[in-house]
Protein chains: 2
Amino acid sequence: MAEQIGQPTFVLVRPQMGENIGAAARAMWNFGLSGMRIVAPRDGWPNPAAMALASGAGRLLDAAMLCDDLAGALADRTYTYATTARSRDLTKPVLTPEAAMAEARDRIAAGERVAVLFGPERAGLENEDIARANAIVSVPVNPDFPSLNLAQCVLLTAYEWRRATNETVARTVEMAGADWAEGHEIEHLARHYEERLEEAGFFFPEHKAPAMKVNLRNLWSRMPLTRVDVQMLHGILRQMVRWKERDGK
Amino acid sequence: MAEQIGQPTFVLVRPQMGENIGAAARAMWNFGLSGMRIVAPRDGWPNPAAMALASGAGRLLDAAMLCDDLAGALADRTYTYATTARSRDLTKPVLTPEAAMAEARDRIAAGERVAVLFGPERAGLENEDIARANAIVSVPVNPDFPSLNLAQCVLLTAYEWRRATNETVARTVEMAGADWAEGHEIEHLARHYEERLEEAGFFFPEHKAPAMKVNLRNLWSRMPLTRVDVQMLHGILRQMVRWKERDGK
């Protein structure tokens, strides 16, 4: 749980509320990040409110490096990003969280030691802090309501770190133990319905019957059916027939 | 601020704490989403704690549709995503937030009306709720610590909606009123330093001088210099010369 080689270090600069430090630790650990540094926290350190809120991520706070000033926190870093909402009258690269974390991944792979700065809750980072950073990270928020809090900003940045470093399949299907039905099973199902519905007089009037049959076929092939689904659909139809026969007696 | 055509509707299903409803409203509005529906909130509706926390996003709560049950909330929707952390023994597509919001954008562009479900804080959505959804959205969290709260889940989904629908330049440079220096300005700067440093006896020993000059040239071209930077670097050198001359008197 100490600072990981191969990950960026998140630096909380002069954080105010202990609760927010704890929430930031949780947000980092949600996405597998563990290296935190804390610069001059307003309420001293350790902070019981931070520990209370961190719950499962408390070990990040135990291992966090406490620093008197930002220069100390960055002493061993080779590249630093500063997160900020507003533009700052400083000539500097500005990246989305996605681009920044992809770049950070590449820098770290090349042996760099990367930090990401997060400012105090009320005012954010000072220009003096930002002047120590190599680039700015800015979350593309709604310009009418750009009010992300500290833990939210940490969350989105950590989320983008994980996206940049973990291959996640974008779209899959949870099968819950089921198998997809095969073509012959769909064919059998389609015939079963077509035959019974023919007997039941469903395809009426006769000149519309061919189109109705095509539509029914199309319905089966449009649906992503499992074997269990197919069995259930057979069962429904058999039961309807049984019911009819019982009543017909 | 009413439900927007062209956006997904976020449905909070049986939310518990008013504070979390307010935080969810803020998270939506941070990324420009405004259509919220609330199903059977535990503490009734309206909820003063929700309003207090929503602050700048309170209008979302004023406009939110209150529903007795999930069927009512989805009555006019054509496609529904359910957010859930765990796998649920239901055969269903599972998407990352990124893939889901890109798909939602395309569905909405094609005229569909899309909902995204968020479960109650403690237990998340019930299987009965999820069975009403067409697909599952699952945030790729750290499997050792998958504890996202309601507002965080809303935040990440809303963030991905904005990413899917707003072109943001991934990497740019904030110029702060500055212009990049042009080639002739860099050339002039390089000569200025080379000449003064030659006079100062910097390029020593002589057999290393050519390599030192190449390295100095390379430093100027490696740095992304603005016109203001170039003027400052000229000024530094001139001032050093002036200082020397003052002391030499």
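A note on names: the letters A, B, ... follow the listed sequences, proteins ahead of strands, and every chain is numbered from 1.
- Heavy atoms closer than 4.5 Å to chain B are found in the backbone of A:Pro146, but not in its side chain.
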**Request:** Would you check, one step at a time, whether the test side chain to side chain contact (heavy atoms under 4.5 Å, CB included) holds for B:Thr91 with A:Val228?
**Result:** CA-CA 10 Å; B:Thr91 298; A:Val228 172; over 6 Å; no
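- Note that OG of A:Ser55 is 5.0 Å distant from CZ of B:Phe145, once rounded to the nearest 0.5 Å.
- Residue contact with chain B, scored on non-hydrogen atoms closer than 4.5 Å, involves the backbone and the side chain of A:Arg26 alike.
- Using a 4.5 Å cut-off between heavy atoms, B:Ser147 contacts chain A through both its backbone and its side chain.
- Summarising the geometry, atom CD belonging to B:Glu174 is positioned 6.5 Å from atom CD1 belonging to A:Ile136; distances are rounded to the nearest 0.5 Å.
- In terms of heavy-atom pairs under 4.5 angstrom with chain A, the leader among B:Val173, B:Leu95, B:Asn30, B:Thr96 is B:Asn30.
- Of all non-hydrogen atoms in B:Arg162 and A:Pro143, the two that sit nearest each other are NH2-CD, 3.4 Å.
- No more than 12 heavy atoms of other residues, nucleotides or ligands sit less than 6.0 Å from atom CD of A:Glu167.
- When every heavy atom of A:Asn142 is checked against every heavy atom of B:Trp29, the shortest pair comes out as ND2-O, 2.8 Å.
- Heavy-atom distances place both the backbone and the side chain of B:Pro140 under 4.5 Å from chain A.
- B:Tyr159 and A:Gln152 are not linked by any side-chain donor-acceptor pair at a separation below 3.5 angstrom, with hydrogens and angles left out of the test.
- Top candidate by heavy-atom pairs under 4.5 Å with chain B, chosen from A:Thr172, A:Asp144, A:Val169, is A:Thr172.
- The residue among A:Asn166, A:Leu156, A:Thr168, A:Asp229 with the most heavy atom pairs within less than 4.5 Å of chain B is A:Leu156.
- Contact of B:Ala151 with chain A is not made at all, since no heavy-atom distance falls under 4.5 Å.
- Between A:Glu98 and B:Arg171 no salt bridge is recorded (no basic side-chain N to carboxylate O distance below 4.0 Å).
- Only the side chain of B:Glu160 comes within less than 4.5 Å of a heavy atom of chain A; its backbone N, CA, C and O stay farther away.
- By number of non-hydrogen pairs under 4.5 angstrom with chain A, the leading residue of B:Ala170, B:Ala27, B:Ala99 is B:Ala170.
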